[in-house]
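Here the structure comes first, spelled out in structure tokens, and everything after it is commentary.
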Amino acid sequence: MSLLENADSLPRPMLDKCLQAVNLWRKQIEKGNTMHLYRTHTCGALRAENIDEQVRVSGWVHRKRDHGGLLFIDLRDHYGLTQLVIEPSSPHFALAEQIRAESVIRADGKVVARDDEARNPNLPTGDIEVYLSELEILSETGDLPLPVFGEPDYPEDIRLRYRFLDLRRDSLHRNIVLRSDIISWLRQRMTADGFREYQTPILTASSPEGARDFLVPSRIHPGKFYALPQAPQQFKQLLMVAGFDRYFQIAPCFRDEDARADRSPGEFYQLDLEMSFVTQEDVFACVEPVLRDLFRAFGNGKRVTENFPRIPYAEAMQKYGSDKPDLRIPIEMQDVTPAFDGSDFKIFANMIAKDKRVRVWAVPAKTGGSRAFCDRMNSWAQGEGQPGLGYIFFREGEGAGPLAKNIGPERTEKIRTQLGLEDGDAVFFCAGVPKAFAEFAGRARNRIGAELELIDADQFAFCWIVDFPMFETDETTGKLDFSHNPFSMPQGGMEALESKDPIDILGHQYDIVCNGIELSSGAIRNHKPEIMLKAFAIAGYSAEVVEQEFGGMLNAFRYGAPPHGGIAPGVDRIVMLLAEQENLREVVAFPMNQQAEDLLMQAPAPVSNAQLRELHIRPSLPKTTPTDEPVKE
RNA sequence: GGGGGUGUAGCUCAGUUGGUUAGAGCGCUGGCCUGUCACGCCAGAGGCCGCGGGUUCGAGUCCCGUCACUCCCGCCA
């Protein structure tokens, strides 16, 4: 049964299919029929039990070792490597010597046991080799712009231009297979959990909120445009209104925004899901086991959070300085304002006296208690545009550093006991209005965790962030706006909207975070038109505008809409985490570059004037590129 | 839209304070080699030093501009 390399790791149906195919070829051979045109075995299949069999294999010439009197070829396909041996007496020796790496060949030969000292324990097929009797070149290669053998870093543009070569390389090849396996697993699991995959339109209407849309001009309706969906948000809610109860989709999403290492330009995928008649707890109870089991299945034995802690947004900001905390870092910040209030450290004391909102947060740094480390953090902070990063470090039973001197031993000791610090530890301080410095404090926390190697990397640390505020004030304009999704239900419903200060209203809105990466956002939706109109009114949108922009969905809610909610974990980021990759391009088969160009397929590209005329489009190009010729005939 | 980094052989890189003929490894070509699995040994070909301008007796090296790639900020409900 060990016909296929890594047979154990293959899903059962896939393994059965492969075995069926192999058996079919076998039967043909036994009947004396001609061999399969290309192969009786894959390059990962042959083992000691195949010794003396006459076999046929096809694949790429991975590596050639020419001893003059003896020639070895490593033949590679999707499944593995098999060593071919060609002796000088072979009529094909001369041809075999000529073959270049990455040519595709078909080879017939006899499976032979390797001598003890010639065995290669690093290869699943390393106990045998195939003595070549027939050789056919199926496809030749020219000069390679990118070697397939070996895995050093290569320039992105060359990797992307020759993506078909890059994808042959082992690590990338495995990442793409992993992605496929993950998506397949998710589909099976979601279906088993009572969800059905419903497709939603790719050509749809532009939405005024959120990211920039990709637009598609209409031929039939001059001057009008379709938009590619930023997410199937409204459609999945309409499916709930239509009574389908549980929806999911491996959904393509399109946003015309600039790329990042962890953000594809243009398009990405979500495990989009929505459920009817659910509370926030129901969504958690459904999604949490899916992600936990997925990460256990594909996480290479790393620990996965058993029960995802639920951290209110405000608490996350206070403890971690982030709404996507990396919980692998065992650092929690604390408010130590009283220790500085009225102290002789005048900078902080005066700030506190002047403004009631000012707080001092402490970032404890276990094992960071050396002047060298503290100074390094301080200059890092200055490099981040901060005035500095005050610190105390503890040694010989007392606090040291300029700050400790200023506030005195009593207050220093109070800080030490509050944070549970000891000799050899340090603590850093950020002061100001929390909203202004929380994000920097969070980065300091990450930095400290990384520098002191406090991160426990052998785990996937999940959490829910809950109780997001519905509204926030824009720092520059002072205008009130939705802080997240305008379609989510405010906690407390209409009553909260009518009675509370908008800034204090929380939403039934939640994120899933893993190792400091935001995997998804979700919400219990606002399915009541009157509450939605009220929420939009608070954010400054008139009923007319809301009716005009979201009329379709609003109207649907006037004909019997179930309470519903959902979430949409990002597939690309999940695969990144499980493949342990820092860059999205390592887990996408055919990615675009940072300028949103497909270097392999040459997109975007000019189109003919005839095509443009049909679409009633005439380009109006920026004057800065007069030499461009964006239109071909 | 803004900021940082990089750009030298097909590929990965080195190149001193500005100094005469720009190097190495992989790959390629030729030769030798019967147990390699990063095979080994010998020889050879291969360079608009991203592009344009400037400083200088002299520029791969310094300056200005520009292009390409990349990372980050803005942006991403």
Side-chain angles (χ1 to χ4, degrees), chain A residues 62-76 81-90 93 97-98 100-102 112 114-123 125-126 129 131 141-162 165-166 207-213 230-231 233-234 253-268 383-385 439 468 470-472 476 481-488 507 509 518 521-523 535-536 539 541 549-550 568 570 582-583 585 593-595 597 599 622 624-625 627:
Chain A
H62 186 62
R63 197 81 179 145
K64 236 173 60 184
R65 289 176 296 279
D66 188 351
H67 290 232
L70 193 63
L71 176 61
F72 298 101
I73 290 176
D74 289 337
L75 196 65
R76 185 195 72 237
L81 282 180
T82 296
Q83 176 163 280
L84 308 177
V85 185
I86 303 106
E87 292 186 302
S89 56
S90 164
F93 188 82
E97 265 193 316
Q98 298 298 313
R100 293 174 67 170
E102 297 310 312
V112 173
R114 296 204 203 178
D115 291 342
D116 275 350
E117 58 273 22
R119 284 207 184 98
N120 186 343
N122 301 320
L123 283 182
T125 61
E129 55 199 1
Y131 269 68
T141 178
D143 279 347
L144 291 174
L146 172 82
V148 172
F149 174 78
E151 298 256 346
D153 282 339
Y154 280 85
E156 286 281 346
D157 52 333
I158 289 176
R159 293 183 55 191
L160 293 175
R161 204 180 309 278
Y162 297 95
L165 288 179
D166 199 24
S207 148
E209 285 284 319
R212 202 175 290 117
D213 284 316
Q230 296 182 21
Q233 181 67 34
Q234 297 194 51
C253 304
F254 304 92
R255 296 176 191 176
D256 188 4
E257 296 293 347
D258 288 341
R260 288 288 180 277
D262 64 347
R263 201 169 78 207
S264 288
E267 56 189 80
F268 61 97
E384 297 285 300
E439 186 262 334
F468 280 89
M470 277 295 286
F471 303 99
E472 65 184 5
T476 47
D481 204 352
F482 291 106
S483 59
H484 274 70
N485 187 332
F487 303 125
S488 43
Q509 174 118 23
E518 182 191 317
S521 271
F536 271 98
Y541 298 89
E549 302 292 1
F550 305 106
E582 299 291 324
N583 195 300
R585 285 188 290 267
N593 69 5
Q594 198 180 27
Q595 279 70 47
E597 299 164 307
L599 297 176
T624 47
T625 55
T627 53

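FYI, side chains are in, hydrogens and waters are out, and symmetry mates aren't considered; it's all heavy atoms of this structure. So you know, we letter chains A, B, ... as the sequences are listed, proteins then strands, and number each from 1.
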Hey, is the side chain of [X] pairing donor to acceptor with the base of [N] inside 3.5 Å?
{"X": "A:Glu257", "N": "B:G74", "result": "no"}
{"X": "A:Arg263", "N": "B:C75", "result": "yes"}
{"X": "A:Glu87", "N": "B:U34", "result": "no"}
{"X": "A:Arg114", "N": "B:C37", "result": "yes"}
{"X": "A:Asp115", "N": "B:G35", "result": "no"}

Ignoring the backbone of A:Arg63, work out which of B:A38, B:G35, B:C69 is nearest its side chain. B:A38

Over all strands shown, is [X] touching base, sugar-phosphate only, or nothing at heavy-atom distances under 4.0 angstrom?
{"X": "A:Leu123", "value": "nothing"}
{"X": "A:Ala261", "value": "sugar-phosphate"}
{"X": "A:Leu144", "value": "sugar-phosphate"}
{"X": "A:Gln233", "value": "base"}
{"X": "A:Gln594", "value": "base"}
{"X": "A:Asp116", "value": "nothing"}
{"X": "A:Asn593", "value": "sugar-phosphate"}
{"X": "A:Glu582", "value": "nothing"}
{"X": "A:Arg119", "value": "base"}
{"X": "A:Arg260", "value": "base"}
{"X": "A:Tyr131", "value": "base"}

Strictly below 4.0 Å: does [X] bring a side-chain N or O up to OP1 or OP2 of [N]?
{"X": "A:Asn583", "N": "B:U70", "result": "no"}
{"X": "A:Arg585", "N": "B:C71", "result": "yes"}
{"X": "A:Gln83", "N": "B:G35", "result": "no"}
{"X": "A:Arg65", "N": "B:U36", "result": "no"}

Does B:U16 pair with anything, Watson-Crick or G-U wobble, both distances under 3.5 Å, and if so, with which nucleotide? none

Pairing partner (Watson-Crick or G-U wobble, both distances under 3.5 angstrom) of B:G44: B:C28

In whole angstrom, give the distance that lies between atom CD of A:Glu597 and atom P of B:C67. 14 Å

Whole angstroms only, please: what is the CG-C1' distance between A:Asp166 and B:G10? 16 Å

Please check: side-chain N/O of A:Asp115 versus main-chain N/O of A:Glu117, any donor-acceptor pairing under 3.5 Å? no

Separation between the P atoms of B:C13 and B:U17, rounded to whole Å: 22 Å

Spacing of the C1' atoms in B:G60 and B:G50 (rounded, Å): 12 Å

Of A:Lys64 and A:Arg255, the one whose nearest nucleotide on RNA chain B sits closer to the 5' end is A:Lys64

What do you reckon, is OH of A:Tyr162 surrounded by more than 12 foreign heavy atoms closer than 6.0 Å? no

